[in-house]
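Below is one structure, written out as structure tokens; the observations come after it.
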Amino acid sequence: MKMDSLFLLHSCFLILSICHASSQSYHQCFPDEGLALLQFKHQFSTGSSYDSTCRAAYSKTSSWNESSSDCCTWNGVTCHDSTGHVIGLDLTCSQLRGTFHPNSSLFRLHHLRLLNLAFNNFSGSLIPAEIGWLKSLVQLNLSFSSFSGRVPSNIAYLVNLVSLDLSSSSLQLDDTAFTNILGNLTKLEVLSLSSVNISSEMPLNVSSSLRYVDLQGTGLLGEFPLSSFHFPNLQMLSLSSNQNLYLELTKFNWSSVGSSLLELDLSYTNTTGKLPDSLGNAKSLKYLRLSYCKLFGSIPENIGNLTQVMELDLSHNNLSGHLPWTISKLKRLTEFDLSFNSLQGKIPDAFAGQQQLSYLFLRNNLFSGQIPPSVFSLLSLTQLLLSHNQLQGAISPSISKLANLTVIDLSSNKLSGDVGIEMFSSMKGLGSLDLSYNNLSWSSRSEKLDRMIVPYFRELFLSSCRVNEFPVFLRKLDKLYALDLSNNRISGQIPYWMKDLSRNPLSYLYLSGNFLTGGIEHLQHFNQTRVLDLNSNLLQGPLPLSICNLSSLAILDFSGNKFNGGIPECVLMLKGLTVLDLGSNNFQGSIQTGSVQDSTLRVLSLGRNQLEGRVPTSLINFTRLEVLDLGNNKISDTFPTWLEKLPYLRVLILRHNRFHGPIGSSQSLLPFPSIRIFDLSHNGFTATLPAHYLRNFKAMMNSDARKMYHYYMGVASGGFGYNVSLMLTLKGQDMQFERIFTAFTSIDLSSNRFQGEVPQAIGDLTSLLLLNLSHNNLVGSIPDKLGSLNMLQSLDLSRNQFTGKIPEQLANLTFLAVLDLSQNRLVGRIPQGKQFNTFSNDSYDGNLDLCGFPLSKDCGESSAKHVPPPSMPEQKDGSEDFANLFTWRDVFMGCGCGLAFGFIMGLVMIPSSSFCMCSVKLQHAEI
């Protein structure tokens, strides 16, 4: 029985008590009350159901008319059995539309005890203060009827109220009225103010008669007075979705409510601390929801005392330790959710007696061992989610006994062994199956297609399951919505019969990371597909123009293949396309964008091809663009200054091309307002560094950048998505980053022909993580203001003409993991302490007048001035391979294995090897 059911049940008891004995005697209603009802009717129009909650909505007032003089017989009207006065008016879901006036005739019904106007449409009307005239009201329900504004304070004078429901997202209740309602209405048993904007603290003086309290999403603040909350009859308390409400469960008197409390919902609040042992005293609890709180510690053994509990949700906390065996006592469980915690150890084999269990969610923990056998005895189970743990062993064939399963997610574990469609053929209603990222091997050994029994899959995820060929049973599906066969061993051409999948509502198709060859002609009929991901295969040939017929596409990723020829102009003109990634192919020619006026593209990645020509100025019309990657091509152009006007551009990659000349003056007051990654390396740019840009990179001056590390840079589409993948340079080595945090910031102007001094303005970019100005002709001293870049983790100023001392302020960069100042003209003592104590000689190589640790040269020694290193040789153009200027010693100097490459917030994983070669694991989008 959910919360709504509890309210409904209690309301029904109230209605029955109000209407009791109406059949014992009969009186016609008073004419003036009948007239008042007719006048009320004529104030509103009626129409189709206003709310989806009203499944059986109809206009109750349509039966009200003058020809039927006895209003007691009208729909929704209840009269007193002895006096004939109208005492009840239930017009819930009556399709009423219009303004509710303060002078409504409704307020002439002074004997009303029940008034229910829920789920109508009163067009943003205020709740009239005249509601306070109805002194006899016992039940008042105005919920979800499009009332707005402040709740009148005189509702607190309806002292006979037993039930009050004002639930609505458009109402406000000031703290005085809130306090008066809770304190003055001493008969109140049911209070629902769900989604009403209260935004105040919970008062201490609360009526002890309350049994059902729903204050979810009301903006309650401060500490909830659990210690003074003693209500022997309290049956339901919902405080969920009040994120600024502070609670500590150890302060709750569980003994005082142990025999009455049926439901407690504190999810999405600031509930902190451990689960107290006294929780086991709440033996009558049926529903306990504590998700999205800040609970920590272990689950107490006496959780098993909650023998009546049907729904137990402790998900999205930081609970740790083992799951106690005592959960075996919870035999009435229907929903059990411990997802997104840090629970560990084996899952206890304690589910045999929980034959009513329908939902078992243990995903995103640290559970190990095998899936316990008792799980496969839960014949009522409909959803089994055990993903993102460390479970191992084979999937028991007994899973086929769970014929009622509709969702199975065992992904991201260490499960092994063979698995095939026959294991799931008994599950006729199985709509979603995810076995991805295990050590499983998908077996194609099965019956003939015409005899095969296949569930009605809507979602099938078999990524990294050693699938060797396209499963033939796919041909029998006609409701498939999402298919992921990525990172497998499927080779050869896409089979001709794959075109038959177009009869499915297939919106998401992932075939990346296989060995597919040939063309993609068989995919031209997938008109409903929103995400088409074929990256990292061996597909070849030119892109067929038919790809432009896929009008539903939002994300198109063909990167990492062998496609060639020109990029069809129509692809960049697809309406609704948000991501186009054609990187790492062999496309040639120039970029043609057509006459797009309102492009929806957010990511355009064309890097690592053979594209030539200029950057098309029509990209200025791609006003939603966030990522533009044109790196590693043969584009010959001056800097496209007009890109500075794109308001959302966060990533600009022009590296390894043939750009040349000075970076011109800015034409905008706030150029590049959102830029976070700015890479112009390995080109032929000249003159001074672009100080006018560095002064205005506002997105790199964000002091709250750490809050952005919860998200990866990418684009979501209907629960699926695309993660931005970029090639960046660290210590001279090009590395592919498959996922980038939105907070990541980088400036790489290396390997150009920039001259002059480093602008002091660069010191204002306080959220900058990576700065590379190496391999230029920069002169002067290293700016002291670089010491203000307190989040900087990599600094490369090597192979320039810097002179003077290394600023002592650089020693304050406590996150600095990579430093390269080699091949300059620096002199004097190397700063000591903090991160500077971790750098090796290689960080300072070629600066012959430096002294101090880690160099062997003591600063007390005197020596003649040394000849400075030669300046960097000129390049003919920016496309020349710069690798010949490096040695492997250069690449790794200044960083130790396990230190330097772990610095960019977990984006790079280091395998065990002698030279710290970097590798990256490709995963699903998590945006």
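Every heavy atom of this structure was used, including side-chain atoms; hydrogens, water molecules and symmetry mates were not.
- Between Leu477 and Pro455, the shortest heavy-atom distance links the atoms CD2-O, 3.5 Å.
- Ring planes of Phe720 and Phe461: tilted class, angle from 30 to 60°.
- Contacts of Tyr268 classified as ring pair (Phe, Tyr, Trp, His ring centres under 6.0 Å), with partners at least two apart in sequence or in another chain: Tyr292.
- A donor-acceptor contact closer than 3.5 angstrom is absent between the side chains of Ser536 and Ser512.
- Relative ring orientation between Phe744 and Phe737 is described as tilted, the plane-to-plane angle lying within the 30° to 60° band.
- Counting only heavy atoms from C-beta outward, the side chains of Leu483 and Asn504 never approach each other to under 4.5 Å.
- Contact check for Ile347 versus Leu362: side-chain heavy atoms found under the 4.5 Å cut-off.
- A donor and an acceptor atom, one from each side chain of Asp557 and Tyr722, are nowhere located under 3.5 Å apart.
- Contact of the Ser339 side chain with the Leu385 side chain is not registered, since no non-hydrogen atoms from C-beta on lie closer than 4.5 Å.
- Contact check for Trp442 versus Asn468: no side-chain heavy atoms found under the 4.5 Å cut-off.
- Taking both residues in full, the closest heavy atoms of Phe376 and Ser396 are given as CE1-CB, 3.5 Å, listed atom of the first, atom of the second, then distance.
- A heavy-atom distance below 4.5 Å is found between the side chains of Leu440 and Ile395.
- Applying the side chain to side chain donor-acceptor pair (under 3.5 Å) rule to pairs touching residues 353-372 yields Ser358-Thr382, sequence neighbours excluded.
- Looking at Ile421 and Phe457, their side chains come closer than 4.5 Å, going by heavy atoms from C-beta outward.
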*Between Arg289 and Asp313, does a salt bridge (charged side-chain N to carboxylate O under 4.0 Å, His left out) hold up when you go through it step by step?*
CA-CA 5 Å; Arg289 304 185 190 96; Asp313 187 352; over 6 Å; no
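- Ser463 approaches Asn487 most closely through the heavy-atom pair OG-ND2, 3.4 Å.
- No more than 12 heavy atoms of other residues, nucleotides or ligands lie within 6.0 Å of OH in Tyr456, so this atom counts as exposed by the packing criterion.
- The aromatic rings of Tyr712 and Phe741 sit parallel to each other, their planes meeting at less than 30°, with 60° as the upper class boundary.
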